[in-house]
Amino acid sequence: MPEIKYIDREKSWLAFNARVLQEAADDSVPLLDRLRFLGIFSNNLDEFFRVRFAAIRRLSLSGKSGEKILGGISAQQLVKDITEIVIRHQTESLLILKGIENELQTKNIFIINEDEISEEQEIFLKDFFIQQLSPELVTIILNDLSEFPLLRDNIGYLAIKLVMKKDSEVRYAIIEIPKTMNRFVVLPSYLNKQYVILIDDVIRHNLKSVFNIFDYESISAHMIKISRDAQLDIDSDLSKSMLEKISTSVKDRLIGEPVRFIYDQMIEKDTLEFFLEKMKIVSTDSIIPGGRYHNRRDYMNFPNLGRHDLLYKTNDPLPIPGLSLEGSILEKISKKDYLLNAPYQSFSYLTKFLREAALDPKVTTIKITLYRLAKNSQIISSLINAAKNGKKVTVQIELQARFDEASNISYAEQMQTEGIELIFGIKGLKVHSKICVIERIESAKVKRYGFISTGNFNEATAKIYTDVTLFTSHQQILKDISKIFDFFDINYRIHRYKHLIVSPHYTRMRFYKLIDREILHARAGRKTHIKLKMNSLSDFAMIDKLYEASNAGVKIQLEVRGICSLIPGIRGMSANIEAISIVDNYLEHARIYIFGNAGQTEVFISSADFMTRNLDGRVEVTCPIYDHDIKNELIDNFDLGWKGNVKARYHSYKLDNRYRERTGEPIFRAQIETYKYYQNKVDLLDEKF
């Protein structure tokens, strides 16, 4: 039994990323998807170091221990622990990659290096290098520079060492791996065999061409990468607009302090020492030995080579029974609520709602919050279309959506040009809510329609993130949404909401009350349970409240995909709590909260996780579900996840990601069964007609 009450959130996050790595190692996952999971693992780690590790490092360098906010561990110790865990995970990931490459060879797919190029491939690559790759290369000779160049954040570089024939002089250089090109070059097939080479090795193969003006005796190239502190430091200058401040801060991120340096462990010692000294990488930074290739996040975009037999079967998004993409969505929503569960069902319903509102002569206003958007956003196109049709369009766009700042700034400027009214948030609060309300004139009166979601209005991520969206014409709920937009406009006035639970003012206390009610039911001997599905659970006070409920006899089931600082199953603390995480083909992203309430079950969907920032430091919206059928559908969704025994792992203080036992039960893969659940709804509707 552990003596601690909470799991450190950083270590819990690293355990989540280890679950992603488990998918890359899983023989039952199609080979090319295993490469994708390896890429996701690497991308996650990059973001972790740029944000979370950077914050811990700042705390460590400040001289403060930070034990109170870190749950009992010092920042200095945590930096060391994280580095050890990451080195272990990196080593494991290299072995997994090697195993995948070996298995690909059995499928006649070969990832070759510069020493394995055939004569035919040599001809192809020579032309490729001259025509496409060479013009993209940035090469810098370092010895004679008065100031070492700034290496870009999370960009791969080849560290070059040249030993000259004259006096054995050593020269160093760097070549930047271009981000403008796909990392993988597909070579011509030969005898039914397919070949792929990384751009890194194409460059290595052509080093003689790159450095042909130097009379060198030997040349070597090893990859290095640096991750920089990506925390935004917002300028307090009152004369600048929020748009200017965020834009400046994003640019400053390019010169942030180094927080991680990864290098090819085969690099010569003197070359490594040269770069560490010139880049001022000190012992407090995380220095990670790695393999020959870095930026393995690029494996997320490994070419499919037409080998769909090595990929997960793609399931077409299903229709929502009773809601047509051809008829009027607003007319249907006026009669009843509908639920969209993407990617099982088509995200097109959401864009259709906005396109219809943009054209409908009776619609006068559209108000929406935006957090992360697709590269070529249909949402933005629909809103601009609405403005061009004379609608008053108000958009709250979050300029501080991490790593989407530049994209959101660009969209904001585009919308401003089209006359859309923009709200840039509230000082000290990110707006993370996912809400939209429109006003329509019907019988000389204003009627509202809208939607509330657990996920971003992003048609790209909607293909891989599981999220639920409620379409409704419930006038009281939509009136509450209008009040939130009033709060954006005049944020010193705190509104009261009759139906919605809104952070930062009400969410924490309202959930406390919901949990307290279950405690009272349990103590009175009534039926009680709590079922919570979320991305992360790390707020200590909320965890303490769940421990209190457990000790009162409330049965608690937790589906927490990522961070889980709560320790389940401990006698005297959390004996009535079970917690699992599902990591599978889709990213579990929906927040669904269910409270048994002695048989009068209440169900909520939310944009908020049980994290301190969501409860107290952001604008978040939790919405009650009143429609009986939708309420049951969401309960079914939770229960389908809970029955999962293939991709479900237990949360525990050991952080060992132990898979859930099947105990003789048949295989039940939750995401596949959820798709079947919605397919069955469509089939039943077809049978009626």
Side-chain angles (χ1 to χ4, degrees), residues 20-21 23-43 90-134 136-137 156 158 175 177-210 220-223 225 264-266 290-314:
V20 176
L21 194 58
E23 291 297 294
D26 188 341
D27 289 338
S28 70
V29 175
L31 271 173
L32 295 182
D33 280 304
R34 289 174 63 187
L35 279 180
R36 178 173 65 90
F37 277 112
L38 200 65
I40 294 169
F41 162 82
S42 184
N43 185 67
Q90 289 278 41
T91 302
E92 184 181 354
S93 71
L94 290 172
L95 293 173
I96 291 169
L97 177 59
K98 183 63 178 176
I100 294 172
E101 290 176 344
N102 290 339
E103 288 190 54
L104 284 171
Q105 291 182 15
T106 68
K107 305 295 182 183
N108 281 333
I109 296 173
F110 298 84
I111 301 175
I112 63 172
N113 63 35
E114 74 276 15
D115 297 324
E116 301 169 306
I117 296 170
S118 69
E119 291 183 10
E120 293 80 5
Q121 292 165 345
E122 167 74 39
I123 296 169
F124 174 87
L125 285 173
K126 183 177 181 180
D127 183 68
F128 173 81
F129 181 78
I130 293 171
Q131 300 297 330
Q132 298 184 52
L133 181 52
S134 179
E136 297 288 337
L137 292 184
L158 287 177
I175 301 176
I177 308 294
K179 280 190 71 176
T180 53
M181 303 180 67
N182 193 305
R183 184 87 177 278
F184 303 97
V185 181
V186 178
L187 300 168
S189 299
Y190 180 71
L191 297 177
N192 293 320
K193 294 181 179 179
Q194 296 173 288
Y195 297 89
V196 177
I197 189 170
L198 275 77
I199 276 183
D200 321 27
D201 291 333
V202 179
I203 297 171
R204 286 185 172 102
H205 185 63
N206 287 277
L207 287 177
K208 185 175 181 180
S209 173
V210 175
S220 60
H222 296 86
M223 200 171 187
K225 183 178 80 168
D264 180 348
Q265 54 194 335
M266 301 304 292
R292 195 170 195 252
Y293 309 100
H294 309 321
N295 275 7
R296 290 198 300 278
R297 66 173 183 267
D298 293 334
Y299 281 100
M300 289 192 293
N301 298 312
F302 191 85
N304 66 34
L305 303 170
R307 295 295 301 271
H308 298 288
D309 57 314
L310 302 180
L311 291 164
Y312 275 125
K313 176 189 173 185
T314 302

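The closest side-chain heavy-atom distance from Lys193 to Phe110 is below 4.5 Å. Looking at Gln90 and Leu94, their side chains never come closer than 4.5 Å, going by heavy atoms from C-beta outward. In this structure, the side chains of Asn113 and Tyr293 come closer than 4.5 Å at one or more pairs of heavy atoms. You'll find the side chain of Leu158 reaches within 4.5 Å of the side chain of Ile177, heavy atoms only. Taking the side chain as every heavy atom from C-beta outward, Leu187 and Ile117 never approach each other to under 4.5 Å. In this structure the side chain of Ile109 never reaches within 4.5 angstrom of the side chain of Gln105, judged on heavy atoms. Put simply, the side chain of Ile123 does not reach to within 4.5 Å of the side chain of Glu119, judged on heavy atoms. In this structure, the side chains of Ile175 and Val210 come closer than 4.5 Å at one or more pairs of heavy atoms.
Each of Asn301, Asn295, Val196 was evaluated against Arg183; a single residue qualifies, Asn295, per the side-chain contact (heavy atoms from CB on, under 4.5 Å) test.
In this structure, the side chain of Gln194 engages the main chain of Leu305 through a donor-acceptor pair within 3.5 Å. At distances below 3.5 Å, not a single donor-acceptor pair connects side-chain atoms of Glu136 with backbone N or O atoms of Leu133. Side-chain atoms of Asn206 come within 3.5 Å of backbone N or O of Val202 as a donor-acceptor pair.
Every residue two or more places apart in sequence or in another chain that forms a side chain to side chain contact (heavy atoms under 4.5 Å, CB included) with Thr91 is listed here: Ile87. For Arg292, the salt bridge (charged side-chain N to carboxylate O under 4.0 Å, His left out) test picks out Glu114, Asp201, with sequence neighbours left out. Legend: residues meeting side chain to side chain contact (heavy atoms under 4.5 Å, CB included) with Met300, ordered by chain and number and at least two apart, are Ile40, Asn43, Arg297. With sequence neighbours left out, Ser118 forms a side chain to side chain contact (heavy atoms under 4.5 Å, CB included) with Glu120, Gln121. Remark: Leu95 pairs with no residue by the side chain to side chain contact (heavy atoms under 4.5 Å, CB included) rule, at least two apart or across chains. For Asp127, the salt bridge (charged side-chain N to carboxylate O under 4.0 Å, His left out) criterion is met by no residue, not counting sequence neighbours.
A 6.0 Å sphere centred on CE of Met181 holds more than 12 heavy atoms belonging to other residues, nucleotides or ligands.
Separating the CG atom in Leu311 from the CG atom in Leu31 is a distance of 9.5 Å, to the nearest 0.5 Å.
Across all their heavy atoms, Leu32 and Arg307 have their closest contact at CD1-O, 3.9 Å. When all heavy atoms of Ser209 and Phe129 are compared, the pair lying nearest together is OG-CE2, 3.9 Å. Closest approach of Asn182 to Phe184, counting heavy atoms only: OD1-N, 2.8 Å. Nearest heavy-atom pair, Ala24 versus Ile100, reported as atom, atom and distance to 0.1 Å: O-CD1, 3.7 Å. Nearest approach of Asp264 to His294, heavy atoms of both residues: N-NE2, 3.4 Å. Across Ala25 and Ile96, no two heavy atoms sit closer than the pair CB-CD1, 3.7 Å.
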Do Ile111 and Leu198 pass the side chain to side chain contact (heavy atoms under 4.5 Å, CB included) test, and can you show the C-alpha distance, the side-chain angles, and the key distance before you say yes or no?
CA-CA 8 Å; Ile111 301 175; Leu198 275 77; 3.9 Å; yes

Go through the steps for Asn192 and Tyr190 under the test side chain to side chain contact (heavy atoms under 4.5 Å, CB included), then give the verdict.
CA-CA 5 Å; Asn192 293 320; Tyr190 180 71; over 6 Å; no

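For the pair Glu103 and Arg34, the salt-bridge criterion is met [side-chain N within less than 4.0 Å of a carboxylate O]. Between Lys107 and Asp309 there is no salt bridge, since none of the side-chain N atoms of the basic residue sits less than 4.0 Å from a carboxylate O of the acidic one.
Annotation: Phe37 is not in aromatic contact with Tyr299 [ring centroid separation under 6.0 Å not met].
Counting only N and O atoms by type, the side chains of His222 and Gln265 include no donor and acceptor under 3.5 Å apart.
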